[in-house]
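In this text, all values refer to a predicted model and were calculated from it rather than measured experimentally.
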Amino acid sequence: MTITTRRRVGATVLAAACAATLAAAPATAERAEPKKPGGNPNLTTVQLLSFNDYHGHLEATDPKLTPTEDPSQTPVGGAEHLSTTLSNLRAKAGKGSSLTVAAGDLIGGSPFLSGMFHDEPAVESLNEMKLDVSSVGNHEFDEGTDELLRMQNGGCHPTDGCYFPDQPYAGADFQWLSANVVRKDDGQTLLPGTSVKTVNGVKVGFIGMTLEATPTLVSPAGVSSVDFLDEVTTANAQAAALKKLGVKSIVVLLHEGGYQTGTINGCNGISAPIAEIAAQITPEVDQIITGHTHQGYICSLPDPAGNSRLVTSAHDYGRTVTETSLVINTRNGEVVRDRSSAVNHLVARTAPKDPAITSIIDKWNTLAGPLKAEVVGTHSEDILGDSSGNRGIETPMADVVADAILAGTDGADEGGAQIAFMNVGGVREDLPMTPKYTEGSGQITYAEAFDVAPFNNLLVSIDLTGDQIRQALEQQYQPVAARGSRPTLALGVSEGFTYGWDASQPQGSRVVRGSMALDGTPIDPTTTYRVATLNFLADGGDLFTAFTQGTNRAGGPEDLANLVEYFEANPGLTAPASRVDGL
């Protein structure tokens, strides 16, 4: 096949969703001799292995965790090592006593090797790792609901077809859950909302959800057929329904999280929204496994009844795994919380590579061929600032992408743009001098360019007044209630545009008055300017609704193709100096 640069062309409702999803919920039975914690014949231990925000990171190319998160500074990650780590942990628990679960963003925003092929490689790797069940995350919706259903059920891509015609994509062996994602036409969940597994003679129910703010984080058109419901309301309703079926050990898989300042096994100042959500989810839920914020933590937080409950997260990219020992009373099916515990394990690269995962990686690397290693540009110093870091600050890498957007739209026949903006969260990789793949130091390969811009966005140019530009900049900060766990999402800005930001001011007044300028000339609030950005932002993505006020919209090239062209035309790139004072 030919590989191209265009990879990806209320209460009544909730009650109906609960009934439908429980009817469709898959169940499995695994028989084994139950474990007896402390010799108590009425207790058994179910091992839950969990991870989140995998994002198709098959190859072992990710950095270590921070020294605060991991003082040992162990090299971690890579699907080959993740698979072995999971197998080793399962062996410790004993046959039939373990389940492997995830909290969303398994696909989407992925590096070249998986993202180039619409994340079929990621799902193949997760099938091989024997993942049992996962919640959906916001990135599962990057290519829309129809593509998510294809990822679950299998079939050839509607545009690119079958990558291996003799072995069509077979879908996910594990079940994605979407309890709070309901179809607008019939009120049914897009995918099952719950799954019940039987382990050591006890039933464990899983409720899978993504964050309610998901439609603000993906292309609106791709999720126009579904509604995203409140996480707490959904979890409480689904837990009540599970309990009516006799399921008393209940775990929520939630793609939403918080931030803390300790090690991956700490819970130092865990933040909203997860702290607030956990405080409201019914005591019938015994553990909340979370994601989205790319953090590692092991928390014990009070439920609404005041009893401690595990709330965990396993960082990101398959670099850590959470092992929960869920102690359950076999006589009444209830979790014994004061005997249950959890710990985050590093996925150390000293773990042997799983040859089955190596085979998957080799298969897709062979198909990728020379395109992956093609050198498309150079840089002479580190250009940093990918989305796995702080998305609430100006970054050199986001500014570089904004420069590329402007370069692709500034011509009179290209859109006539004067200013360009790029969301920091959409910049998925940076350009360190240390090689990521097999390229030389300072070389930029096509695979690296793809890693920076994997979302298949289109460039657009629009008319905005100076005041509308100010409104868009003010929307970089919005309260947690609106945007979830990342209230500040910064915009990279193109060369020539500058402004000041004062975070001490209230929402809506943080752009310093009179500070916006273009090539040194103050921006006039009533003057119209041509602004270029991604269609994602122009359509109001990330809650930047001010961009939707734009008029005289003109289309432009696909973002990856444009970025590659910019790299080719500008060898020896350096990190731009700051263009925003205070952000």
Could you please spell out the steps behind the side chain to side chain donor-acceptor pair (under 3.5 Å) verdict for Arg579 and Thr498? CA-CA 5 Å; Arg579 297 159 184 176; Thr498 56; over 6 Å; no

Just do the side-chain contact (heavy atoms from CB on, under 4.5 Å) check on Thr68 and Thr261 with the steps written out, would you? CA-CA 8 Å; Thr68 297; Thr261 58; 5.9 Å; no

Checking Ser135 against Met209 for the side-chain contact (heavy atoms from CB on, under 4.5 Å) test, could you report, in this order, the C-alpha distance in whole Å, the side-chain angles of both residues, the deciding distance, and whether it holds? CA-CA 5 Å; Ser135 70; Met209 301 183 293; 5.7 Å; no

Candidate pair Thr488 and Tyr477, rule side-chain contact (heavy atoms from CB on, under 4.5 Å), full reasoning: CA-CA 4 Å; Thr488 303; Tyr477 173 79; 3.3 Å; yes

What do the steps show when you test Leu346 against Leu65 for side-chain contact (heavy atoms from CB on, under 4.5 Å), and what is the final call? CA-CA 9 Å; Leu346 294 171; Leu65 305 184; 3.8 Å; yes

Could you walk me through whether Asn138 and His255 pass the side chain to side chain donor-acceptor pair (under 3.5 Å) test, one step at a time? CA-CA 8 Å; Asn138 56 288; His255 190 71; 3.0 Å; yes

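Put simply, the side chain of Thr84 never gets that close to the backbone of His81: no donor and acceptor are under 3.5 Å apart. Side chain of Asn457 to backbone of Glu558: no donor-acceptor contact under 3.5 angstrom is found. One N or O on the side chain of Ser313 and one on the backbone of Gln295 form a donor-acceptor pair closer than 3.5 Å. Asp142 places no side-chain N or O within 3.5 Å of a backbone atom of Val218 that could act as its donor or acceptor partner. Side-chain atoms of Ser461 never come within 3.5 Å of backbone atoms of Ala554 as a donor-acceptor pair (strictly under, hydrogens ignored). The backbone N or O of Leu254 sits nowhere less than 3.5 Å from a side-chain atom of Glu256 that would complete a donor-acceptor pair. When atom types are taken as modelled, the side chain of Gln468 and the backbone of Ala546 share no donor-acceptor pair closer than 3.5 angstrom. In this structure, the side chain of Glu448 engages the main chain of Thr445 through a donor-acceptor pair within 3.5 Å. Side-chain N or O atoms of Glu140 include none that pairs as donor or acceptor with a backbone N or O of Leu148 at under 3.5 Å. Gln260 places a side-chain N or O within donor-acceptor distance of the main-chain N or O of Gly296, the cut-off being under 3.5 Å.
Note that CG of Leu58 is 12.5 Å distant from CZ of Phe112, once rounded to the nearest 0.5 Å. Remark: Phe450 CZ to Asp559 CG distance equals 9.5 Å, nearest 0.5 Å. Atom CG in Leu573 sits 7.0 Å away from atom OG1 in Thr378 (nearest 0.5 Å). Rounding to the nearest 0.5 Å places OG of Ser125 at 12.0 Å from CD of Glu120. For the atom pair CG (Leu537) and OG1 (Thr545), the distance works out to 11.5 Å, reported to the nearest 0.5 Å. Atom NZ of Lys353 is separated from atom CD1 of Ile361 by 8.0 Å, given to the nearest 0.5 angstrom.
A distance below 6.0 Å separates the ring centres of Phe455 and His139. Under the 6.0 Å cut-off for aromatic ring centres, Phe117 and His157 do not qualify, their centroids lying 6.0 Å or more apart. Ring centers of Phe228 and Phe141: under 6.0 Å apart, within the cut-off.
With contacts defined as side-chain heavy-atom distances shorter than 4.5 Å, the pair His292/Leu217 qualifies. In this structure, Ile405 and Leu534 have side chains that are in contact, with non-hydrogen atoms separated by less than 4.5 Å. For the pair Pro487/Pro479, no side-chain contact is recorded, criterion being any heavy-atom separation below 4.5 Å from C-beta on. Leu491 places a side-chain heavy atom less than 4.5 Å from the side chain of Asn423. Side chains of Asp62 and Val76 form no contact here, defined as non-hydrogen atoms less than 4.5 Å apart. For the pair Asn535/Arg553, a side-chain contact is recorded, criterion being any heavy-atom separation below 4.5 Å from C-beta on. A 4.5 Å side-chain heavy-atom check between Asp430 and Ile383 finds every atom pair outside the cut-off. Side-chain contact between Leu431 and Phe567: present, with at least one pair of heavy atoms (C-beta onward) separated by less than 4.5 Å.
Closest heavy-atom contact between Ala417 and Leu406: O-CD1, 3.6 Å. Contact detail for Ala404 and Asn562: the closest heavy-atom pair is O-ND2, 2.9 Å. Nearest approach of Leu49 to Leu86, heavy atoms of both residues: CD1-O, 3.7 Å. In terms of heavy-atom proximity, Ile360 sits nearest to Pro121 at CG2-O, 4.2 Å. Of all non-hydrogen atoms in Leu473 and Met516, the two that sit nearest each other are CD1-SD, 3.8 Å. Annotation for Glu429 and Val452: closest pair O-CG2, 3.6 Å, computed over non-hydrogen atoms.
Under 4.0 Å is where a charged nitrogen must lie from a carboxylate oxygen, and between Arg319 and Asp70 no such pair does.
Every pair tested for salt bridge (Lys or Arg N to Asp or Glu O under 4.0 Å) that includes a residue from residues 493-506 fails, sequence neighbours excluded, so the list is empty. Sorted by first and then second residue, the salt bridge (Lys or Arg N to Asp or Glu O under 4.0 Å) pairs involving residues 382-399 (not counting sequence neighbours) form an empty list.
With sequence neighbours left out, Asp463 forms a salt bridge (charged side-chain N to carboxylate O under 4.0 Å, His left out) with Arg530. Arg510 pairs by the side-chain hydrogen bond (donor to acceptor under 3.5 Å, both in side chains) definition with nothing, not counting sequence neighbours. Taking the salt bridge (charged side-chain N to carboxylate O under 4.0 Å, His left out) definition, one finds that Glu565 meets it with nothing, sequence neighbours left out. Take Ala402 and apply the side chain to side chain contact (heavy atoms under 4.5 Å, CB included) test, not counting sequence neighbours, and it matches Met422, Ser494.
Partner of Tyr297 under the side-chain hydrogen bond (donor to acceptor under 3.5 Å, both in side chains) criterion, chosen from Thr290, Thr312, Asn344: Thr290.
The aromatic rings of His57 and His55 sit perpendicular to each other, their planes meeting at more than 60°, with 30° as the lower class boundary. The aromatic rings of Phe544 and Phe547 lie tilted to each other, with the angle between the two planes from 30° to 60°. Tyr499 and Phe497 have tilted rings, their planes meeting at an angle from 30° to 60° on a 0 to 90° scale.
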